[in-house]
Amino acid sequence: MLPTDVPLSHLSTSLLLLLQLLHPASSFFPNVWSLLAAPGSVTHQDLTEEAALNVTLQLFLEQPPPGRPPLHLEDFLGRTLLADDLFAAYFGPGFSSRRFRAALGEVSRANAAQDFLPTSKNDPDLHFDAERLGQGRTRLAGALREALVAARALDHTLARRRLGAALHALQDFYSHSNWVELGRQEPHPHLLWPRQELQSLARVGDPTCSDCEELSCPGNLLDLMLLTSGYFGSHPSKPPGKCSHGGRFDRSSSQPPRGGINKDSTSPGFSPHHMLHLQAAKLALLASIQAFSLLRSRLGDRGFSSLLPRLLDISPASSLSFVLDTTGSMGEEISAAKIQARHIVEQRRGSPMEPAHYILVPFHDPGFGPVFTTSDPDSFWQQLNELHALGGGDEPEMCLSALELALLHTPPLSDIFVFTDASPKDAVLTNRVESLTQERRCRVTFLVTEDPLRVQGRARREVLSPLRFEPYEAVALASGGEVIFTKDQHIQDVAAIVGDSMADLVTLPLEPPVVVSGRPLGFSVDALLQRVTVRIHGEVSSFWIRSPAGVSQGQEEGEGPLGHTRRFGQFWIVTMNDPPQPGTWEIQVIAEGMPRVRVQAQTALDFLFYFGIPMDEGPHPGLYPLAQPVAGLQTQLLVEVTGLGFRGDSRDLQSHFSHVVLRGIPEGAERGRVPLEPMGPRERGLLAASLPPALLSTTGPFSLELIGQDGEGHGLHRAASQPCTVVPVLLELSSSPGSLAPGSKAPLSLHIASFSGPQDLDLRTSVNPRFPLTFNLSRVRLEPNESVWGHLWLEVPDSAAPDSVVMVTVTATGREGSLVPPTHAFLWLLVLAPASQDPLAATAHSSGPILHSTSSVSTLVTRGRARGGRVGNCWWGTVGGVLLLLGLASW
């Protein structure tokens, strides 16, 4: 806390933030699985998220929010910095940090995965091991360059993954080398700016360590001022007299000289230099901030119009992504899309909900594309306005190919809207597109104008199946979206859901989840919900909605006792009055066939989730992330609740989730209910559940629902934005770290493992764009708990576009007649042009220590976190730097 006798007005910005470091290290949130082995340790995830939060705070302080008062530094003093707090303070209460936290999660998981991936976990160059410091710096600079190029290419998922890998190596330097033991009090001045050779490196014949037979080895480094790092395992083998990494997983530490020098944790069983762990963590944090700041300067330091805020998704707004059928019968639909796009652009321009990206993919028959992406709303509107319904292909059309192209260019956690009046000609892509929507976490809504009275416009060469739209239903179900059938005369009104869906609404679970005509449905409303909307779609003859107080409203249009009802053909929208009454609401629908009901509401209280496997092999225990759970494999579910950290509403902090429910899709049967265990401080919102193999024994899709209570004792019920899928086998596609070059041939590896019954699988591959790919496997049979490795070779033609992204897909399907659902593995790779000069090198580089810079720009550090300035120009305020080190010393 600040001294009580010092007025805030008398303190500089730098000093105000630096004084917050006078708190203990307990302000860090260790990874729970690492914490089990080494309590009190600071993890890669901690360092990465702390650095990103400080960069975000700095951006918010520099760019006052439009239409709102600027942030004040003193509002953040003396407390842990949380993403929810930052977003509430900057954008206003109710604006979700969900996308931002998801982006940080991508970077953090990519960082942690470096210790588990077979292509990276034993590579000394990627961890600054085995005295390969020069090689490590080269690989670090390469990963940062790849992150930079991918961000400029607007492939933010790939950019985050490469950034995570770079940060892992950078942070490892301070834990694996003897930089801290040499008495250094600041990050290495040349790791991020490799224009100068690393100096004073230990040579091959220089002994660096003495023998240590204890777990803790505080004095085993020889008295020399040379930079070294420890050897791990047997590749490469440790020369005589050299230091080991050390710890229980390091076989080299049993060879003289025994012991080791790593500072990875607070546990002597894992880290012989555990007593220096916090000092190493401090320098790793500062270096991570430098890396973020360097990327910020290279991506264009123009506030929110620069690429770094988009890379980290520092916005509550979704992207706007349209896939449009442009055949001759689509005039009304294209007009509706234009009207909605124009409305969104005009209504949200300059507001927090202005889309950060705009994506447009046209299609017809036989073509689709090209994809148009921009961050400029005027350019998007101009491109959209140039689309017209021309020609008139026969039904079906290349819709799923266009949707796949949109998915490759749309940021995660976005909504994609497809406008068409035709079934897909490329239905063979259905399963792959389903998996890609879950990989990219994008929700797809199809707006289909199928008018049986239409006699002009679209030719039909054959009698069309009534099931021809099932691929759309399958993709919508897998992505958490929906298919809405309407007619030309209603499309402009129905298309208004585009704007509604972009408002970050949550979908409220129905009980029972399957809608049957005449059977009442229930849904829970809690005190944190606003703008509750009920959408009903189908051949409906009547419906009613009843509040917890027993007040009912029917299908009559206009204002009613509960809200406002609008009807557009077979589509009803009921907007409830605010605030809605908390409790259990009921709906009953009378209709022909299977009506569709969806209840949505606006709230900041939502959740993110991912799956993982606890790993007890390798240099560091932890959780290895999975894209989807695998049948027969013990799996951990990690939940991150958003909207709990905002201190302006005590109801948020008192709300809690107690259980997670797994439901089969589409039947809605409950598969199991597992308790959620809190991990760390409550406001952080981290929860975990252990999913036993028996619960994941049935392959196929399922939904995740969290249940609990809000701050007023009402039931709290949230559903994941899209379903998950239990896949039959573990399918992992990987490449050697690094990028591709035109004219090169790159080896790829495929790992397939079964943990349940025997599997007979056919394997298929695809590449986008269509580069040549060879594969040594086409079929494989696996017994339970058996695995196999396959090898692929990707040829990059000389004509490959530089600084472009390639996606490789491997699909494993059951043999003909098998009911085993397909499993997909996706791998994104970067084709880089030869660098004429180092793109990361600073324009004005100082060869001296960073703290000796005389720049007047101050250093920002929050409680337990640091924020550096524009390190590309190598600046740290001298006074601020000294205070920073004094503050860090008390960690």
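In this view, Glu677 satisfies the salt bridge (Lys or Arg N to Asp or Glu O under 4.0 Å) rule with no residue, not counting sequence neighbours. Under the rule for a ring-ring contact (aromatic ring centres under 6.0 Å, His included), the partners of Phe609 that lie at least two apart in sequence or sit in another chain are Phe611. Residues passing the side-chain contact (heavy atoms from CB on, under 4.5 Å) test with Val661 are Arg663, Glu670, Arg673, Glu705, Ile707, sequence neighbours excluded. Every side-chain contact (heavy atoms from CB on, under 4.5 Å) that Pro548 has, sequence neighbours left out, goes to Gln581, Trp585. Residues passing the side chain to side chain donor-acceptor pair (under 3.5 Å) test with Arg98, sequence neighbours excluded: Asp606, Ser721. Taking Gln722 as the reference, nothing meets the side chain to side chain donor-acceptor pair (under 3.5 Å) condition, with sequence neighbours excluded.
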Legend entry - Residues Glu49, Ser108; criterion side chain to side chain contact (heavy atoms under 4.5 Å, CB included); working and verdict: CA-CA 7 Å; Glu49 294 184 356; Ser108 298; 3.4 Å; yes

Inset, instruction - Could you give me the CA-CA distance, side-chain angles and deciding distance for Phe417 and Val444, then say whether side chain to side chain contact (heavy atoms under 4.5 Å, CB included) is met? - result: CA-CA 6 Å; Phe417 301 95; Val444 182; over 6 Å; no

Inset, instruction - Under the side chain to side chain contact (heavy atoms under 4.5 Å, CB included) rule, what do Arg598 and Thr507 come out as? Steps first, then yes or no, please. - result: CA-CA 7 Å; Arg598 174 167 290 213; Thr507 299; 4.1 Å; yes

Inset, instruction - Would you please test Leu299 and Arg152 for side chain to side chain contact (heavy atoms under 4.5 Å, CB included) and show each step? - result: CA-CA 7 Å; Leu299 291 172; Arg152 287 174 175 165; 4.0 Å; yes

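Within the model, atoms OG1 of Thr445 and CD1 of Ile416 stand 9.5 Å from one another, a figure rounded to the nearest 0.5 Å. We find the CG-CG distance between Leu82 and Leu53 to be 8.0 Å, quoted to the nearest 0.5 Å. The distance from the SG atom of Cys724 to the CG atom of Leu662 is 7.5 Å, given to the nearest 0.5 Å. Here the straight-line distance linking atom OG1 of Thr374 with atom CZ of Phe380 works out to 9.5 Å at 0.5 Å rounding. Within the model, atoms CG of Leu163 and CG of Leu158 stand 11.0 Å from one another, a figure rounded to the nearest 0.5 Å. Atom CG of Leu154 and atom OG1 of Thr157 lie 11.5 Å apart (nearest 0.5 Å).
Between Gly643 and Asp84, the shortest heavy-atom distance links the atoms N-OD2, 2.8 Å. Closest non-hydrogen pair, Phe523 versus Pro509, comes out as CB-O, 3.6 Å. Across all non-hydrogen atoms, the minimal contact from Ser288 to Leu47 is CB-O, 4.4 Å. Between Gly480 and Pro723, the closest heavy-atom pair is N-CD, 3.7 Å. The two residues Met679 and Ala688 make their nearest non-hydrogen contact at CE-CB, 3.5 Å. Closest approach of Phe657 to Leu706, counting heavy atoms only: CD2-CB, 3.4 Å.
Between Phe91 and Phe60, the ring planes lie perpendicular to each other; the angle is over 60°, past the 30° to 60° tilted range.
Looking at Ser479 and Gln438, their side chains never come closer than 4.5 Å, going by heavy atoms from C-beta outward. Thr56 has its side chain within reach of Phe100: a pair of non-hydrogen atoms, C-beta onward, lies under 4.5 Å apart. With a 4.5 Å cut-off on side-chain heavy atoms, Phe76 and Leu86 count as touching. Residues Phe607 and Arg718 have side chains in contact (heavy-atom distance under 4.5 Å, counting atoms from C-beta outward). Contact of the Val641 side chain with the Arg684 side chain is not registered, since no non-hydrogen atoms from C-beta on lie closer than 4.5 Å. By the 4.5 Å heavy-atom criterion applied to side chains, Met576 and Val574 are counted as neighbours. Taking 4.5 Å as the limit, every side-chain heavy atom of Leu104 sits out of range of all side-chain heavy atoms of Val107. Residues Leu320 and Ser318 are not in side-chain contact: their nearest non-hydrogen atoms beyond the backbone lie 4.5 Å or more apart.
A salt bridge is defined here as a Lys NZ or Arg NE, NH1 or NH2 lying under 4.0 Å from an Asp or Glu carboxylate O, and Arg160 with Glu106 meets this definition. A salt bridge does not link Asp313 with Arg101: none of the charged nitrogens is closer than 4.0 Å to a carboxylate oxygen.
Side chain to side chain, Gln171 and Asn111 meet the donor-acceptor criterion of an N or O pair below 3.5 Å. Between the side chains of Asp710 and Ser655, not a single donor N or O lies within less than 3.5 Å of an accepting N or O. Side-chain atoms of Thr410 and Ser321 include a donor-acceptor pair closer than 3.5 Å.
No donor-acceptor pair closer than 3.5 Å links the side chain of Tyr90 to the backbone N or O of Leu57. Side-chain atoms of Ser524 do not come within 3.5 Å of backbone N or O of Leu716 as any donor-acceptor pair. Formation of a donor-acceptor pair under 3.5 Å by the Arg440 side chain with backbone atoms of Leu407 is found in this model. Distance alone, capped at 3.5 Å, is enough to place a donor-acceptor pair between the Arg99 side chain and the Leu413 backbone. A distance-only check finds a donor-acceptor pair linking the side chain of Ser297 to the backbone of Leu294 [under 3.5 Å]. At distances below 3.5 Å, at least one donor-acceptor pair connects side-chain atoms of Arg68 with backbone N or O atoms of Ala89.
Considering Ser375, Ser319, Pro411 in turn, Ser375 is the only one that fulfils the side chain to side chain contact (heavy atoms under 4.5 Å, CB included) rule with Arg310. Of the candidates Val534, Asp526, Leu529, Leu508 forms a side chain to side chain contact (heavy atoms under 4.5 Å, CB included) with just one, namely Leu529.
A cation-pi arrangement is present between Arg109 and Tyr610 under the rule of less than 6.0 angstrom and at most 45 degrees off the ring axis.
Residues His156 and His357 bring their aromatic ring centres within 6.0 Å.
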